[in-house]
Amino acid sequence: MPLTLYDIEVSSRLLLGTARYPSPAILAEAIRRSGTEILTVSLRRETAGGKAGGAFFQLVKDLGMHVLPNTAGCHSASEAVLTARMAREIFSTNWIKLEVIGHQDTLQPDVFGLVDAARILNQEGFQVFPYTTDDLVVGEKLLAAGCSVLMPWCAPIGSAMGPQNKTALRAMRAEFPDIPLIVDAGIGRPSHATTVMELGYDAVLLNTAVAGALDPPMMAQAFAGAITAGQKAYQAGMLEPRDMAVPSTPVIGKGVFA
């Protein structure tokens with residue numbers, strides 16, 4: 001079943017970052033094998049890369065992907081808003097992955113600045129994908145600010161720790177049943193991606209877990225399969241854990257030997 005994010009419909013539930021790959025060729029092959037249709041791109045890379053940055057953006061355009069620029073590295077609402085405005089000019093899209101970092105070590109979002117920036121950008125016609133925590137109140141405020149997608153973390157960016165609070169992630173899914181929820185940050189293994197998809201999440205955004213692998217294209221393919229498996233498991237309806245054993249073979253009708 002396709003996923004609709006604002007005005008775009010996509011088939012893949014994997015959004016892929018484009019930073020830290022060993023080479024453009026490896027990045028291109030990872031994109032191809034992942035099956036993704038959405039790539040996140042840092043404005044800072046494009047503007048600071050000179051000719052290399054231009055060649056990179058041409059590669060992204062040649063692949064025919066939807067581009068989701070991000071405000072990575074911004075530490076205030078004003079900085080994030082300015083970066084988003086520049087990204088719209090460069091990438092010709094209203095989409096923006098909004099990051100306002102509040103803690104230097106954990107890269108946890110500054111949720112106060114995030115909501116402020118989201119409100120301004122939504123008023124300016126942006127379609128905002130906010131990188132946020134798994135806090136329900138923050139989620140409600142982002143929706144009230146005009147966002148139609150939420151992107152909670154499951155662990156700090158690049159930590160590869162996987163879901164640290166499945167109870168909070170479940171609560172977020174239950175609280176916002178009709179809002180696309182994309183886990184962004186903290187995924188390290190394909191099994192982590194399967195887990196969050198089994199919780200009913202709509203998609204997963206990855207970067208470090210693929211780019212940092214020994215074989216990024218193979219890892220991208222592994223994640224694609226894991227995300228599909230988790231989604232299908234959630235849709236099929238999984239058995240809940242039980243406190244005691246339940247035999248798979250019925251005892252009624254069993255032969256009795258005297």
Side-chain angles (χ1 to χ4, degrees), residues 1-5 8-42 45 52 55-70 72 91 95 97 129 131 149 151-164 166 169 173 180-236 238:
M1 183 176 178
L3 172 64
T4 300
L5 300 171
I8 299 294
E9 188 176 274
V10 295
S11 298
S12 173
R13 301 300 178 112
L14 192 163
L15 288 69
L16 195 62
T18 55
R20 300 180 180 273
Y21 285 82
S23 71
I26 290 176
L27 168 60
E29 181 62 13
I31 292 169
R32 186 187 70 80
R33 292 174 66 176
S34 73
T36 187
E37 298 165 59
I38 300 174
L39 299 177
T40 63
V41 180
S42 171
R45 173 171 182 164
F56 165 77
F57 188 38
Q58 188 60 48
L59 168 65
V60 172
K61 289 199 294 186
D62 289 345
L63 290 169
M65 301 286 109
H66 298 293
V67 175
L68 176 59
N70 66 51
F91 296 109
W95 277 15
K97 179 191 170 190
F129 294 68
Y131 162 59
V149 175
M151 302 180 69
W153 70 348
C154 73
I157 293 174
S159 68
M161 293 191 296
Q164 296 298 289
K166 289 191 285 186
L169 291 174
R173 177 72 285 173
L181 297 180
I182 303 171
V183 167
D184 176 18
I187 296 288
R189 301 184 178 191
S191 58
H192 297 159
T194 300
T195 296
V196 297
M197 294 301 288
E198 287 177 349
L199 295 176
Y201 277 67
D202 296 289
V204 172
L205 194 155
L206 301 166
N207 192 157
T208 308
V210 173
L214 294 177
D215 187 333
M218 183 180 292
M219 186 60 75
Q221 186 174 9
F223 269 107
I227 289 168
T228 297
Q231 181 195 13
K232 288 184 179 296
Y234 177 76
Q235 291 173 338
M238 296 169 291

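Numbers here are sequence positions counted from 1. These figures come from a predicted structure and were not determined experimentally.
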For the pair [X] (side chain) and [Y] (backbone), establish whether a donor and an acceptor sit closer than 3.5 Å, ignoring hydrogens and angles.
{"X": "T36", "Y": "L14", "value": "yes"}
{"X": "Y201", "Y": "L169", "value": "yes"}
{"X": "E29", "Y": "L27", "value": "no"}
{"X": "E37", "Y": "S11", "value": "yes"}
{"X": "T40", "Y": "L68", "value": "no"}

Which residues share a side chain to side chain contact (heavy atoms under 4.5 Å, CB included) with A203, sequence neighbours left out: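 Side chain to side chain contact (heavy atoms under 4.5 Å, CB included) list for A203, sorted by chain: L3, R13, L15, I182.
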Closest contact, heavy atoms only, [X] versus [Y]:
{"X": "P156", "Y": "S159", "answer": "O-OG, 2.8 Å"}
{"X": "G35", "Y": "S12", "answer": "O-CB, 3.2 Å"}
{"X": "G158", "Y": "T208", "answer": "CA-OG1, 4.0 Å"}
{"X": "E9", "Y": "P2", "answer": "CG-CB, 3.4 Å"}

Derivation of the side chain to side chain contact (heavy atoms under 4.5 Å, CB included) call for L5 and F129: CA-CA 9 Å; L5 300 171; F129 294 68; 4.1 Å; yes
Taking atom [atom1] of [X] and atom [atom2] of [Y], what is their separation to the nearest 0.5 Å?
{"X": "T18", "Y": "N207", "atom1": "OG1", "atom2": "CG", "value": "6.5 Å"}
{"X": "I31", "Y": "I38", "atom1": "CD1", "atom2": "CD1", "value": "12.5 Å"}
{"X": "T228", "Y": "M197", "atom1": "OG1", "atom2": "CE", "value": "7.5 Å"}
{"X": "I26", "Y": "Y21", "atom1": "CD1", "atom2": "OH", "value": "10.5 Å"}

Is the shortest side-chain heavy-atom distance between I187 and C154 below 4.5 Å?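 With C-beta onward as the side chain, the pair touches.
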Taking the side chain as every heavy atom from C-beta outward, state whether I8 and W95 have any pair of such atoms under 4.5 Å apart.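 The answer is yes, as the side chains (C-beta and beyond) meet within the 4.5 Å cut-off.
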Side-chain atoms of residues 213-227: list all donor-acceptor pairs with protein atoms under 3.5 Å, sequence neighbours left out, distances to 0.1 Å.
from: D215; atom 1: OD1; to: M218; atom 2: N; distance (Å): 3.1
from: Q221; atom 1: OE1; to: R33; atom 2: NE; distance (Å): 3.2
from: Q221; atom 1: OE1; to: R33; atom 2: NH2; distance (Å): 2.8

Report the C-alpha distance between K97 and L205 in whole Å, list the side-chain angles of each, state the deciding distance to 0.1 Å, and finish with yes or no for side chain to side chain contact (heavy atoms under 4.5 Å, CB included). CA-CA 11 Å; K97 179 191 170 190; L205 194 155; 4.2 Å; yes
Audit row: L39, V67, side chain to side chain contact (heavy atoms under 4.5 Å, CB included) steps and yes/no: CA-CA 5 Å; L39 299 177; V67 175; 5.6 Å; no
Would you say CZ of R173 has more than 12 non-hydrogen atoms from neighbouring residues, nucleotides or ligands within 6.0 angstrom?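 Yes, the 6.0 Å shell around CZ holds more than 12 heavy atoms from other groups.
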